[in-house]
Amino acid sequence: MTLFLEQLLNGLQFGVMLFLLAAGLTLIFGIMGVINLAHGSIYMVGAYAGTWVAMQTGSFFLGIPAALAAAALVGAAIEFLIVRRLYKRDHLDQVLATFALILIFNQVVTLLFGRQPLFVSIPPLLDGSVQLLPGLPYPVYRLAIIVVGLLIAVGLYLLINKTRIGMLVRAGSTNREMVRALGVDVRVLYTIVFGLGALLAGLAGMMAGPILAVQVGMGEQILITTFVVVVIGGVGSIRGAFVASLLLGVVDTMLRAYLPSMLRHVMVGPEADALGAGIASMGIYLLMALVLLIRPKGLFASNF
Amino acid sequence: MLSVSGLQSAYGPSQVLFDVELGVGEGEVVTLLGRNGMGKTTTVRSIMGLLKPSAGTVRFTGREVSGATPETVARLGVGLVPEGRQTFPTLTVRENLVATASNRLKRQNPWTLERVYALFPRLGERAGQAAGTLSGGEQQMLAVGRALMTNPKLLILDEATEGLAPVIRAEIWRCIEALKAEGQSILLIDKNIHVLKRLADRHYILEKGRTVWSGSSAELTANADLVHRYVGI
Amino acid sequence: MSGPILSVRGLVKRFGGLVATDGVTIDVRPDEIHALIGPNGAGKTTLISQLVGELRHDAGTIELEGRDIGALPTARRIGLGLGRTFQITCLLPEYTVLDNVATGVQVRQGHSFRFWGNVRGETALRETALSFLETIGLAGRADEQVANLSHGEQKQLELAVALATEPRLLLLDEPMAGLGHSESRQMVALLMALKTKVSMLLVEHDMDAVFALADRISVLVYGRVIATGTADEIRDNADVRAAYLGEGDELC
Amino acid sequence: MDNSIKKQILLAVVAVLLLALPFIASATGYPAMTSLATRALIYGIAAASLNLVLGYGGMVSFGHAAFFGLGGYVVGILYQHYTQDDLFLGLVPGTNQLLVTLPVTLIVCGAAAALIGALSLRTGGVQFIMITLAFAQMLFFLFVSLKTYGGDDGLIIRRTNELFGLKMRDKQTYYYVCLAITAVFFFLLWRLVNSRFGNVLTGLRQNARRMAALGLPAYRYKLVAFIISGMGAGLAGCLMANFLRFASPDMVHWTKSGELMVMVVLGGVGTLFGPLIGAAAYIVLESVLASWTEYWQLGLGFILLFVVLYTNGGIEALFGRLLGRRV
Amino acid sequence: QDPVKIGLITTLSGPGGYIGQDIRDAFQLAIDMEGGKLGGVPVDVKVEDDALKPGQGKQIAEKMLSNDGVKLFTGIVFSNVAGATVPDIVDAGAFYISPNAAPSNMAGKECNENYFVVSWQNDSLHESAGQLAQNLGYKTAFVLAPNYQAGKDAITGFKRYFKGEIVGETYTSLDQTDFAAEMAQIRAAKPEVVFQFHPGGLGIAFLRQYEQAGLLSTVPMVLAEPSMDAVTLKAIGDAAVGLNISSHWNADFDNAANKNFMEAWMKAYNRMPTYYASQSYDTALAIASALKATGGNMDDADAFRDAMRKADFESVRGKFKFGVNQHPIQDWYHLKVEKGEDGKPVIKTVGDVFKDHGDAYADQCKM
Ligand SMILES: Nc1ncnc2c1ncn2[C@@H]1O[C@H](COP(=O)(O)OP(=O)(O)OP(=O)(O)O)[C@@H](O)[C@H]1O
Ligand SMILES: Nc1ncnc2c1ncn2[C@@H]1O[C@H](COP(=O)(O)OP(=O)(O)OP(=O)(O)O)[C@@H](O)[C@H]1O
Ligand SMILES: [Mg+2]
Ligand SMILES: [Mg+2]
């Protein structure tokens, strides 16, 4: 029973982590409507910048502002120099341009930091674990991720749904010209919001640093997953992205934890393990296909 | 307040405006008449900066604005009700009104949500509905309300009564009259010439991208054959 | 045949708590133009969407020439003789004017699983399409790309495309909106001339046009039909004046 | 008129160049050019197939690598059973005849596309992008965990399929086989996009609502286009497996789908030859830059970026403008 | 004399890029140490990045074979690239000397007289880990690997030599980032030892999360070398201390060749070499020995092959010879991660695992 509870908690935790990774993308892709394949690269930039500063200074917490600043600047620059020219064009042009950016960023990071992964350890403050329940130790850092993830979820929700900035960004995603004709400089606004999305990606990169590997190509690994989260949730819905993250996290964790042993009841051990693992690794895609077949616009599609 | 002279504009290679002259004075209501496809909307777009004019000048409150960005023009005090409504479909009615609302020119008694809802009770009833699901006429009201909420010096209405029920249309005319009484400058594009004659001070007629006639309502009435030739009445 | 071409009985459509169509019963007789008027948001477009099947109705029946079409998908209904124009124009923007109409003709002719042969080279198809453009008066613009048309011209093209599907009942959603005076008048004349070939359900706010064209008029308010009758009956109906026409002197 | 003549001349020149390419290659001392060109042709077929749904039909499939890979695996699996002399699933004997593997590929990929398409087409827009990706990813993980067929390491096809006793192992021969197939493929595609079917397909991309109001049952047309497109990608996969003499999950990976998409956009979306040009440009750039510098990705990235920002419509559009064609 | 052209096709981009880099650098180091020659013969190395794409690897090989007339190849990191590329090379009569990838089919039925592997056969990595766990006296083990060919091979290999009970067998996903579920399962199963195979970034994430879950201090772990090379170690830091590794080479090997190598390497690159580097260096030495024997005449393939088979060079790992399938027969060692003098973790050699270990596929190879 504790094991089940623990797995559930793991699932939720992983879900929040996914949301953290996907938060920036819900802004850039979900709300602004830009298909940004370079999102993973910005995540990588944040991780590298933050980790590098942390390595140089020996302080994880000095790394955070560095990660945020680097990611936000890079994001704003991407918007200003490239994406801005593509809003009017076909979405596919965005695909090509941001694909090009992936190549460029990977190479630039290699040039600057080399091919070896960087290392940052968990800051002492967040190291170690606490007993959540008797017999259930839980790493503090993971709890920190949950807290940050929740804060961002709430903050983003308020920003998008309750503020004028949110309204204007949503308005701009359907009709830029009209927003401008009503006296709002959508261009600056979009640069800022794009930068904000990038900043969130950078934060995710920094947070992921101590538990994953900070290496070239780390962005591509999370790219698809984050898109999956946004789409399952319903493009443009923060609430949807959050629920989808949790759902994915729990489903993925539970499948990995319990599917093989369930299959073992009906077939021989190793085959069950392999098949179970196979299905589990398809898990998020299966889930997405199912969700979209039942609700073609995702879980929380806006009613339009 | 607004003066346009020698305006030329083109969509890519095809030139649409050849020589448009237009002026709107302080507190004046002016109309732009012409058949379909003569360039009325194009003129509005060129004034707004949505389309870069290839020649000519546009001055607003004394400032040269030809080639300026749309937000600059809007910020100087031009409010637009565009052709084809162009409401923001994913925003709710309330959000459509609030998102771009402002009172940059510090007008006393500015337009507020309440005033707009009072003008169009239908919008109040639908405040939480996504604009994309509104009926055509409701969207039109929303577009008008949205422009009013920017509290402009000059209001441009491009076929703002298209698709409105006669009662509502009459309501809008009344509203325009009221605005005029308040001293609001208005540029109107509409096909209800009879009403326009009563409401407006002066008229311009466009023919194939050129201003071919301008004059007062009285002159317009006097020149029925001219109106017939250019506008088809 | 004397029965109505379209017969709608007790149609209901709800959007959440809002009843957009509230037990609407209406019919269109052969060779008749039946106008549907009503305040903004009364549910006219919603009704048309249900008739063509873009929206599913919640209750009631829709019969076309005695056949219940309420469960059929849009394409089938069109195939059975329904045609429509859109309030907000809905065309193929990258095609030329002629291609738009020709595509309509092509679809009308049956299935399009023909992978061979150049459509642009099918003279018969293009001539038929051109004849529809001539009816409408857009023949001169045949080779213009739709995106380059002015609003009014697009409205006219809407009608040409709808005609190309050779409907027996045409659903017109504000065909006059956006047209100038002379174009409006042309359109009225055009619809008049078409009347013998096709019945119409006309939604329109241009009262001049409605009174000139309609054999019968139904008035929809808050999703309900409050009156049906001839032009004169409707003009004098107090409820209709209050809800829709207004008391003002100018009915334009 | 003037334009279409120019176009025909251009086409003829390109055809002659393509025919002469192996000779040019060996004469100039770059015999590997032939293989490069073979690869470009094969990717050209795959990209053009994708373009049929993406550029003409407006269905942005992010899972076309599924069919490409499936085509490759049909060749690989049949070959493996042929050499081991046993039956696939205990039913189907293996083979090494291109005249068998090619039709089988088309049938298998057509069926897969029918299945995936039938489900995916219930959605649209971004959701369609993602659901096609999902199916491709499932296939990817399937192949990765298929131990019998090499799993992640891939399936080695020791000998290229046979065709009319040609020496298929010979690079020039295989090039001409691919060239012939490409020519036939593009001819068929050309007829298709200009046919009545192509007309409604393009119409559906521009405005699905309008097409429905014309009485067109959109779903089945989209599905047929998707199936044809899947078969085309499968054909390319089959040729590629024969060329590489290797099939691996790499062919099904999402980055491959992405690359195909990049080729289409690079060349020109919704144009007949754009994808072929895009594929060739991408392959050649990748290969040439990589032989210059290990930082080739930087160069490739900047070139792609330049194309998006400044050509407005891909290389095809650039050519068009250079030729003075109206855009 | 014209220099002998050597084609070095390797992976320089993406997460695996550091491996390709070490392979390239070590190979170049061997050449530089001889002043631009190998075995007294001048050589010209062409390096190209395959980007971990089989098709691209093949294309590069093709180009080098036909445009440049290269007859000697090496460098490939990953099995799938090797699968697409190597058959072409050997079919064209050229040689491929592998510094790393060694898929099992090419060790058995598909073995080829022009194909040499200097590193190891894949299975040996994990067989030695199984033996190590056995040697250390563990009775129950929990095994984990990603759900793909190499992962399954790893677990099969481990089980072939580990005689204790497997209390848990879990396949992870290749794109997994979170291992919390696995950690919980391990904790619940209470094994005496954990064996896991997760190369590159996966391994870094796994080990960090293993430590963060508090398992490192309670359940010891046995690893094969791909899960813990010098680079991985640096990225994991203290969390690695105490891990047991089975390996065929370590930086601290006390033989002349290795000392020579380590000194030159540290001087040239100033970073710890991975074992990939050692393999590549050995590959260069093996090639050098054959070039020396043939005087750099690549036209006489038989002579070059015979010279290669002799393996007449001083390997940095000590003893080295080729088996019938031209894969190595070599010793395997027990390494342990300990805290070094400067406080940073280092990998120490502490004992033996296997002597003269070949591979299980050699019998199937008919040459
Ligand atoms: N986006 C565009 N691209 C190319 N040509 C256009 C575009 N928009 C309009 N045009 C052309 O410009 C001309 C003028 O159009 P405009 O919309 O300004 O006319 P209008 O007077 O507003 O007509 P209406 O009364 O129908 O709205 C028309 O002939 C039209 O075909
Ligand atoms: N999807 C929807 N969700 C919620 N409400 C809707 C939806 N679609 C339409 N409505 C509402 O239903 C009512 C009827 O709309 P409809 O478009 O049918 O009006 P209409 O009679 O055509 O008006 P108009 O003359 O202004 O075009 C409107 O109040 C509208 O806001
Ligand atoms: Mg207009
Ligand atoms: Mg309506």
Side-chain angles (χ1 to χ4, degrees), chain A residues 2-3 6-7 9-11 13-14 17-18 21 103 106-107 110 114-122 127-129 136-142 208 210-218 220-222 224-225 249 252-258 260 269-270 273-274 276-278 280-283, chain E residues 12-22 52 143 145-148 151-152 155-156 159 166 168-185 187-188 200-209 211-214 230-239 271-272 274:
Chain A
T2 9
L3 182 61
E6 183 182 354
Q7 294 294 28
L9 185 65
N10 283 334
Q13 181 277 132
F14 182 42
M17 171 98 179
L18 284 178
L21 298 180
L103 297 178
N106 277 344
Q107 203 63 261
T110 309
R115 293 186 174 87
Q116 279 74 20
L118 297 190
F119 169 71
V120 60
S121 57
I122 293 183
D127 208 357
S129 42
L136 177 50
Y138 213 76
V140 180
Y141 192 72
R142 301 244 162 175
I211 48 177
L212 303 177
V214 179
Q215 60 181 358
V216 177
M218 64 189 288
E220 282 91 285
Q221 277 170 352
I222 64 141
I224 294 297
T225 321
D252 186 65
T253 304
M254 288 302 169
L255 278 182
R256 276 190 281 134
Y258 294 107
D273 291 331
S281 48
M282 293 178 205
Chain E
L12 290 169
S13 38
Y18 77 88
I19 301 177
Q21 187 182 19
D22 264 18
L52 222 175
V143 294
N147 189 32
Y148 72 129
K152 286 176 194 160
I155 288 191
T156 317
K159 290 201 279 195
I166 304 291
E169 180 170 334
T170 293
Y171 292 93
T172 54
S173 167
L174 266 180
D175 53 3
Q176 197 163 326
T177 46
D178 180 275
F179 295 95
E182 285 75 13
M183 299 309 157
Q185 283 174 311
R187 193 179 299 117
L202 280 177
I204 298 175
F206 188 95
L207 275 165
R208 285 192 179 172
Q209 296 180 25
E211 187 231 14
Q212 286 155 17
V231 166
T232 324
L233 180 68
K234 232 178 98 191
I236 293 171
D238 288 346
R271 62 171 195 262
M272 278 304 279
T274 57

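No hydrogens, no waters, no symmetry mates; every other heavy atom, side chains included, goes into these values. In the text below, chain A, chain B and the rest are named by the order of the sequence lines, each starting its count at 1. All values reported here derive from a predicted model rather than from experimental measurement.
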Separation of L118(A) CG from K234(E) NZ (nearest 0.5 Å): 8.0 Å
Between L212(A) and I204(E), what is the shortest heavy-atom contact and its length? O-CG2, 4.2 Å
Tell me, please, which residues at least two apart from D252(A) pass side chain to side chain contact (heavy atoms under 4.5 Å, CB included). F14(A), R256(A), I284(A)
R208(E) meets the salt bridge (charged side-chain N to carboxylate O under 4.0 Å, His left out) criterion, sequence neighbours left out, with none
Given heavy-atom pairs under 4.5 angstrom as the criterion, report whether the side chain, backbone, both or neither of I122(A) touches chain E. side chain
With a 4.5 Å limit on heavy-atom distance, are the side chains of V216(A) and S13(E) in contact? no
For N147(E), is it the side chain, the backbone, both, or neither that has a heavy atom closer than 4.5 Å to a heavy atom of chain A? side chain
On a heavy-atom basis, which atom in A257(A) and which in A181(E) lie closest, and how many Å separate them? CB-CB, 4.5 Å
Checking heavy atoms, do the side chain of F206(E), its backbone, both or neither come under 4.5 Å from chain A? neither
Below 4.5 Å from any heavy atom of chain A, which atoms of A188(E) appear? Answer side chain, backbone, both or neither. side chain
Of all of P210(A), P139(A), P117(A), which one pairs up most often with chain E through heavy atoms under 4.5 Å apart? P210(A)
Cut-off 4.5 Å, heavy atoms of chain E, and the answer for Q116(A) is both
Under a 4.5 Å heavy-atom cut-off, does chain A meet the side chain of E211(E), its backbone, both or neither? neither
Residue L12(E) versus chain A: region with a heavy atom under 4.5 Å: both
Distance (rounded to the nearest 0.5 Å) between T253(A) OG1 and D178(E) CG: 6.0 Å
So, taking the atom named CD in E6(A) and the one named CE in M183(E), what distance separates them when rounded to the nearest 0.5 Å? 11.0 Å
Closest non-hydrogen contact found for A184(E) with N10(A) is CB-ND2, 3.8 Å
Write down the atom of Q13(A), the atom of A180(E), and the distance for their closest heavy-atom approach. NE2-CB, 4.4 Å
Could you tell me the separation between the CG atom of L233(E) and the CZ atom of F119(A), rounded to the nearest 0.5 Å? 10.0 Å
Return the minimal non-hydrogen interatomic distance between I211(A) and Q212(E), and the atom names on each side. CG2-OE1, 2.8 Å
Trace of the side-chain contact (heavy atoms from CB on, under 4.5 Å) decision for R115(A) with D22(E): CA-CA 10 Å; R115(A) 293 186 174 87; D22(E) 264 18; over 6 Å; no
What's the spacing between T110(A) OG1 and Y18(E) OH if we round to 0.5 Å? 14.0 Å
